[in-house]
Amino acid sequence: MAQIEVQRQPAISVPNAVAPQTGGVQFIPTSLYVGDLDVTVTDEQLFQLFGQVARVASVRICRDLATGRSLGYGYVNYSNPRDAARALDLLNFTPLNNKPIRIMYSQRDPSLRKSGTANIFIKNLDKSIDHKALHDTFSAFGNILSCKISTDGFGQSKGYGFVQFDSEESAQNAIDKLNGMLINDKQVYVGHFLRKQERETTSSKTKFNNVYVKNLSESTTDEDLKTIFGEYGEITSAVIMRDADGKSKCFGFVNFEIADDAAKAVEALNGKKFEEKEWYVGKAQKKSEREHELKSRFEQTVKEAADKLKGMNLYVKNLDDSIDDEKLKELFSEYGKIISCKVMRDPSGVSKGSGFVAFSTPEEASRALAEMNHKLVVSKPLYVALAQKQEERRASLQAQFSQMRPLAIPSVAPRMPMYPSGAPGLGQQFLYGQAPPAIIPQAGFGYQQQLQVHFNRLNNQ
């Protein structure tokens, strides 16, 4: 494991493991989430490892329904909260099949994690710092719900990570004590985690001194830029970019002494015409910033288009390979005016067996859905439904999955196959969250597991 050294850090004792709090209400933490599992780890190995600490009620590694391949995480359930706390304390980051595992209390409700409450962001970390080193450093400030170093596809640290505490007080204390400190000879930034939309809002308010101007006339000179932009404040430099032959590329940069003057120039000159050319004037951006802005604009355009078609766009699957765009349009045209119709295909042009049909009104789409769903077309029953965005599909799957759980049982994970305590490897199935008094019938288990896998995939996208 990587060693971590914090300079100018006061000695702080590490508290004993305590039950995490959720929204001020304590839950009974008998279930553990085990992540970063090597794909070769089996249920029996997990059972044996955690059984060394105390009697295990059940374990389960989550797997892809179609391939049976491990999804890299699982759950271990104890009957006693003290046993779960002891296992977390003793086994966290223990190597299993040569890969350290990462253990957290299982949170049935993901809203706490996604809310960002008591979640902090750490950047400029030394690449040698791993999950355990980060956890050991920040556990001095309170009980940690989750701790993770962000890694690339090769498992190498990206130099930043996240720690979520069970209270805002612990998070603020960690920020106050560690922000700006040297960790392994690198000064780190520690601050509150901001969600994407919050980061974008903060970024849009960032002050700047350097201004980018484009769509210039070829005759425009550096002196022209200085004269025009000089009306708004003191300029330190103004240059028009030119090619190897000295020909203007019709864009340039103007740097102001004061950021407020740069903002005034952008507001006054953007969109103004000079020599029949309409100038674009804005904040000079790095390539990564421009790419991020373009991506955000594209996503917004897609969202607006989806919102516009809400209730009018149908998703159709189980199409025969012989059905193309024209045939699909013919099938649905009797129900109203079709504004777009597309069969989805792979890169080689082979039909994926699904497509979309968009009508001009929700009423037309509703009629088509009622008439065409389950209708036989080339000996195959069609599946027709309203097209949904990813977050809507996720919410729908979550709702279906929640309704299938027995309400009277305070389980911490869905019903699924387990190794029961005292009998590993028998393949019996029990309600997750209970000790195994007897074998419980698994009616409807396959569909429930399928919903769980779909939901997991959506969350990982």
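Note: hydrogens, waters and symmetry copies are ignored here, and every other heavy atom, side chains too, is used.
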Query raised in the report: Is there a donor in the side chain of N173 and an acceptor in the side chain of S170, or the other way round, less than 3.5 Å apart?
Result: no

Requested in this report: With rounding to the nearest 0.5 Å, note down the distance linking SG in C147 to CD1 in I122.
Outcome: 7.0 Å

Requested in this report: Might you work through the side chain to side chain contact (heavy atoms under 4.5 Å, CB included) test for Y105 and L32, ending with a clear yes or no?
Outcome: CA-CA 5 Å; Y105 283 110; L32 300 175; 3.9 Å; yes

Query raised in the report: Less than 4.5 Å apart, any side-chain heavy atom of E218 and any of C250?
Result: yes

Query raised in the report: Going from CG on L314 to CG on L386, what distance comes out if it is rounded to the nearest 0.5 angstrom?
Result: 6.0 Å

Report summary line: To the nearest 0.5 Å, atom CD of E168 lies from atom CG of N119 at 9.5 Å

Query - Side-chain donor/acceptor of N270 to backbone N/O of V281, under 3.5 Å - result: yes

Query raised in the report: Are K283 and V266 side-chain neighbours, meaning at least one heavy-atom pair lies under 4.5 Å?
Result: no

Query raised in the report: Do the side chains of V384 and F332 get nearer than 4.5 Å, heavy atoms only?
Result: yes

Query raised in the report: With a 4.5 Å limit on heavy-atom distance, are the side chains of N255 and V211 in contact?
Result: no

Query raised in the report: How are the rings of W279 and F229 set relative to one another: parallel (under 30°), tilted (30 to 60°) or perpendicular (over 60°)?
Result: parallel

Query raised in the report: Regarding K317 and the six-membered ring of Y383, is the cationic atom NZ or CZ under 6.0 Å from the ring centre and inside 45° of its axis?
Result: yes

Query raised in the report: With respect to S157, which candidate in D152, I149, D126 satisfies the side-chain contact (heavy atoms from CB on, under 4.5 Å) definition?
Result: I149

Report task. Output yes when a side-chain donor or acceptor of D245 lies under 3.5 Å from a complementary backbone atom of K247, and no otherwise. Result -> no

**Report entry** Side-chain donor/acceptor of N92 to backbone N/O of I103, under 3.5 Å
**Finding:** yes

Query raised in the report: Within a radius of less than 6.0 Å around NZ of K99, do more than 12 heavy atoms belonging to other residues, nucleotides or ligands occur?
Result: yes

Report task. Using a strict 4.0 Å threshold on nitrogen-to-oxygen distance, state whether K327 and D324 make a salt bridge. Result -> no

Requested in this report: Please indicate whether D176 has more than 12 foreign heavy atoms, meaning atoms of other residues, nucleotides or ligands, lying under 6.0 Å from its CG.
Outcome: yes

Report task. Determine the minimum heavy-atom distance between A365 and F359, stating which atoms define it. Result -> CA-CD1, 3.7 Å

Query - Side-chain (N318) to main-chain (L382) donor-acceptor, under 3.5 angstrom - result: no

Query raised in the report: Which value, rounded to the nearest 0.5 Å, describes the distance between K249 atom NZ and D243 atom CG?
Result: 6.5 Å

Query - Check: V343 main-chain N/O paired with D325 side-chain donor or acceptor under 3.5 Å - result: yes

Query raised in the report: Counting only N and O atoms by type, is there a donor-acceptor contact under 3.5 Å from the side chain of D136 to the main-chain atoms of A133?
Result: no

Report task. Test side chain to side chain contact (heavy atoms under 4.5 Å, CB included) on T137 and L178 and set out the steps. Result -> CA-CA 10 Å; T137 299; L178 288 182; 3.9 Å; yes

Report summary line: OG (S237) and CD (E257) are apart, to the nearest 0.5 Å, by 10.5 Å

Query raised in the report: Looking at L134 and I129, what are the two nearest heavy atoms and their distance?
Result: N-CG2, 4.1 Å

Report task. May I ask you to say whether K226 pairs ionically with E223, meaning some side-chain N is under 4.0 Å from a carboxylate O? Result -> yes

Report task. Check step by step if side-chain hydrogen bond (donor to acceptor under 3.5 Å, both in side chains) holds for D224 and T227. Result -> CA-CA 5 Å; D224 293 333; T227 301; 5.5 Å; no

Query raised in the report: Which pair of non-hydrogen atoms, one from I175 and one from G191, has the smallest distance, and what is that distance?
Result: CD1-C, 3.7 Å

Query raised in the report: Judged by atom type as modelled, is there a donor-acceptor pair below 3.5 Å linking the side chain of Q164 to the main-chain atoms of A118?
Result: no

**Report entry** Donor-acceptor contact below 3.5 Å, side chain E278 vs main chain K272
**Finding:** no

**Report entry** Step-by-step side chain to side chain contact (heavy atoms under 4.5 Å, CB included) determination, K186 to L125
**Finding:** CA-CA 7 Å; K186 293 189 72 173; L125 288 168; over 6 Å; no

Query - Non-hydrogen atoms of L37 and G74 that approach each other most closely - result: CD1-N, 3.8 Å

**Report entry** Short side-chain to backbone donor-acceptor contact, S366 and E363, under 3.5 Å
**Finding:** no

Query raised in the report: Does T220 reach the side chain of F274, with side-chain heavy atoms less than 4.5 Å apart?
Result: no

**Report entry** Six-ring centre of Y280, K214 cation under 6.0 angstrom, axis tolerance 45°
**Finding:** yes

Query raised in the report: Counting only heavy atoms not in Q285, do more than 12 fall under 6.0 Å of its CD?
Result: yes

Query raised in the report: Are any non-hydrogen side-chain atoms of D130 and F93 less than 4.5 angstrom apart?
Result: no

Query raised in the report: Nearest 0.5 Å, what's the NZ-OG1 distance between K337 and T361?
Result: 10.5 Å

Query raised in the report: What do the steps show when you test F253 against M241 for side chain to side chain contact (heavy atoms under 4.5 Å, CB included), and what is the final call?
Result: CA-CA 8 Å; F253 299 90; M241 305 308 293; 3.9 Å; yes

Query - Heavy-atom side-chain contact between I258 and E234 under 4.5 Å - result: no

Query raised in the report: So which heavy atom on K342 is nearest to which on L328, and how close?
Result: O-CD2, 4.0 Å

Requested in this report: Of all the heavy-atom pairs spanning S322 and V378, show the shortest one and how long it is.
Outcome: OG-CG2, 4.2 Å

**Report entry** Side-chain donor/acceptor of R367 to backbone N/O of Y335, under 3.5 Å
**Finding:** yes

**Report entry** Beyond-backbone contact of P100 with K132, side-chain heavy atoms, under 4.5 angstrom
**Finding:** no

Query raised in the report: Taking the six-membered ring for Trp, is the centroid-to-centroid distance between F193 and F162 below 6.0 Å?
Result: yes

